[in-house]
Amino acid sequence: MARGVLSFPLTSFHDDGSLDPDGCRAHLAAQLATEPGAVFPACGTGEFFSLDEDEYRVVVTAAVEEAGGRVPVVAGVGYGWAQAARFARIAEEAGADALLVLPHYLVAAPQDGLVAQLEQLAARTRLPLIAYQRGQVTFTADSLRRIARIPGVIGLKDGHSDLDRLQRLTLAAPEGFLFFNGAATAEIQARAYATVGVPAYSSAVHAFAPEIANAFFAALRDGDHGFAGKLLRDFYVPLVELRDRVPGYAVSLVKAAARLRGRPVGPVRAPLTDPSPGDLAELRALLVTGLDLVGAAL
């Protein structure tokens, strides 16, 4: 999965908010054509929190069938372990390769509880698990050692961007344990994460502009820090500034940008809201700038 950008596809909805299976497949096919390192359906960018179990099955099945074994398919699961296990069974039946365990719902929990959550889920699925620390989930080095000993737990995705803590976790982990940069707009911190041994990262930008995401990934891989810096200054940083204006824009802007490029992804579901006309116009101009930097067009 470190060979390319990790793709987190959007979930397509019709204008009335119902699931659009054909749109999901078209979007997945476009994402897979750009050769990502893996595809992660029904995760945060894919609005997992808005899907019922039947819709989840459709989304994950589509991802598995469209991927056709070319890249790993890692489906999102979440809430408490009992509900996560229900989604895990669906993903297993659909043919997913692994699961990303999204932060549990609402409550803060002690370290023993965070470990127990993964123990309970691992006991109920044969699929490998990648834990996701973000929001109310933060593992200590001792807890990292404990979850790494749970059969089936193979990695950790980090969304806190506390590099001191992350370095301690990577040093505590056994050989072969996987780590992923899961920061919002992960490219902003990709170079910093790489310095503590975490080069693999997810890319929301890949969902609407794989040309930009892949160009940035290649620049990092090839040591072209000048071009990577230009992409950061002229595209990624302004995108983050726009994203931070409104809660939920981390998903809403991604969907809006995909629609600007003609992708059949539809609107977001409540409680998220689509961007305002002014923000949408600013997003379009920013997208044109980013695409121009990599020799592509809207």
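Just so it is clear, the model here is predicted, and its values are computed rather than measured. For the single chain, residues carry numbers from 1 onward in sequence order.
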Practice task
Determine whether the side chains of Asp16 and Ser18 contain a donor N or O and an acceptor N or O closer than 3.5 Å.
Solution key: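 Checked: Asp16/Ser18 side chains pair up, N/O donor to acceptor below 3.5 Å.
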
Problem - Lys/Arg N to Asp/Glu carboxylate O, Arg57 vs Glu93, below 4.0 Å - result: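 Glu93 and Arg57: salt-bridged.
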
Problem - NZ/NE/NH1/NH2 to OD/OE distance under 4.0 Å, Lys230 and Asp224 - result: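 Answer for the salt bridge query: no.
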
Handout entry: Verdict with reasoning, Val60 to Ile90, per side chain to side chain contact (heavy atoms under 4.5 Å, CB included)
Key = CA-CA 8 Å; Val60 177; Ile90 295 170; 5.8 Å; no

Closest heavy-atom contact between [X] and [Y]?
X      : Y      : value
Ala131 : Leu118 : CB-CD1, 3.9 Å
Ser252 : Leu272 : OG-CB, 4.0 Å
Ala250 : Val254 : O-CG2, 3.2 Å
Val71  : Pro36  : CG1-O, 3.3 Å

The criterion is side-chain contact (heavy atoms from CB on, under 4.5 Å); which residues satisfy it with [X], sequence neighbours excluded?
X      : value
Arg25  : Ala62, Glu65, Glu66
Asp222 : Ala218
Ala192 : Leu163
Arg261 : Ala209, Pro210, Glu211, Arg263, Leu287, Leu291, Leu298

Tell me, do [X] and [Y] make a side-chain contact under 4.5 Å, heavy atoms counted?
X      : Y      : answer
Asp97  : Val74  : no
Phe179 : Pro199 : no
Val196 : Asp164 : no
Gln133 : Leu169 : yes
Leu260 : Leu280 : yes
Glu53  : Gln83  : yes

Can you check whether [Y]'s main-chain N or O pairs, donor with acceptor, with [X]'s side chain at less than 3.5 Å?
X      : Y      : result
Gln136 : Pro103 : no
Arg269 : Ser50  : yes
Asn214 : Phe217 : no
Arg259 : Gly266 : yes
His160 : Val137 : yes
Tyr193 : Glu187 : no
His27  : Ser12  : no
Tyr56  : Gly76  : yes
Asn181 : Ala186 : yes

Indicate, with yes or no, if [Y] and [X] share a hydrophobic cluster defined by side-chain heavy-atom contacts under 4.5 Å among Ile, Leu, Val, Met, Phe, Trp and Tyr.
X      : Y      : value
Ile212 : Leu293 : yes
Leu114 : Trp81  : no
Phe48  : Val251 : yes

Problem - For Phe49, ring-ring contact (aromatic ring centres under 6.0 Å, His included) partners two or more places apart - result: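 Scan of Phe49 (ring-ring contact (aromatic ring centres under 6.0 Å, His included), adjacent residues dropped) gives none.
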
Exercise for the section: List for me each residue that meets ring-ring contact (aromatic ring centres under 6.0 Å, His included) alongside Tyr249, sequence neighbours excluded, and say none if there are none. Expected result: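 Per chain and number, Tyr249 pairs via ring-ring contact (aromatic ring centres under 6.0 Å, His included) with no residue.
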
Problem - Residue pairs involving residues 282-298 (criterion side chain to side chain donor-acceptor pair (under 3.5 Å); sequence neighbours excluded) - result: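 Sorted result for residues 282-298: Arg245-Glu282.
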
Handout entry: Where at least one partner belongs to residues 31-47, residue pairs that pass side chain to side chain donor-acceptor pair (under 3.5 Å), sequence neighbours excluded
Key =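 Applying side chain to side chain donor-acceptor pair (under 3.5 Å) to every pair that reaches into residues 31-47, excluding sequence neighbours, yields Ser7-Gln31, Gln31-His206, Thr34-His206, Glu47-Lys255.
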
Above 12 or not: heavy atoms from other molecules or residues under 6.0 Å from [atom1] of [X]?
X      : atom1 : answer
Arg168 : CZ    : no
Arg86  : CZ    : no
Asp142 : CG    : yes

Exercise for the section: Would you mind listing the cluster partners of Leu19? Hydrophobic ones only (ILVMFWY), side-chain contacts under 4.5 Å, chaining allowed. Expected result: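 Via sub-4.5 Å side-chain contacts, Leu19 links to Phe13, Leu51, Val58, Val59.
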
Practice task
List, by chain and then residue number, the residues other than Leu171 in its hydrophobic cluster (Ile/Leu/Val/Met/Phe/Trp/Tyr, side-chain heavy atoms under 4.5 Å); write none if there are no others.
Solution key: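 Its cluster partners, ordered by chain and number, are none at all.
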
Problem - side chain to side chain contact (heavy atoms under 4.5 Å, CB included) between Val294 and Leu231, intermediate numbers included - result: CA-CA 9 Å; Val294 299; Leu231 285 171; 4.0 Å; yes

Exercise for the section: Kindly compute the distance separating CG (Leu99) from CZ (Phe87), expressed to the nearest 0.5 Å. Expected result: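 Going from CG on Leu99 over to CZ on Phe87, the span is 12.0 Å.
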
Handout entry: Spacing of Leu6 atom CG and Phe180 atom CZ [to the nearest 0.5 Å]
Key =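 Those atoms lie 6.5 Å apart.
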
Problem - Gln111 and its side-chain contact (heavy atoms from CB on, under 4.5 Å) partner, picked from Ile147, Thr140, Leu144 - result: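 With Gln111 as partner, side-chain contact (heavy atoms from CB on, under 4.5 Å) holds for just one option, Thr140.
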
Practice task
Give me the ring orientation class for Phe40 and Phe8: parallel if the planes are under 30° apart, tilted from 30 to 60°, perpendicular past 60°.
Solution key: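 If you compare the ring of Phe40 with that of Phe8, the planes turn out parallel.
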
Problem - Summary of ring pair (Phe, Tyr, Trp, His ring centres under 6.0 Å) pairs that have at least one residue in residues 221-247, sequence neighbours excluded - result: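 Pairs touching residues 221-247 that pass the test: Phe216-Tyr236.
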
Practice task
Keeping to residues at least two apart or across chains, list the ring pair (Phe, Tyr, Trp, His ring centres under 6.0 Å) pairs with something in residues 105-157.
Solution key: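 Every pair satisfying ring pair (Phe, Tyr, Trp, His ring centres under 6.0 Å) with a residue in residues 105-157: there are none.
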
Handout entry: Worked check of side chain to side chain contact (heavy atoms under 4.5 Å, CB included) between Val240 and Asp244
Key = CA-CA 6 Å; Val240 168; Asp244 289 347; 3.6 Å; yes

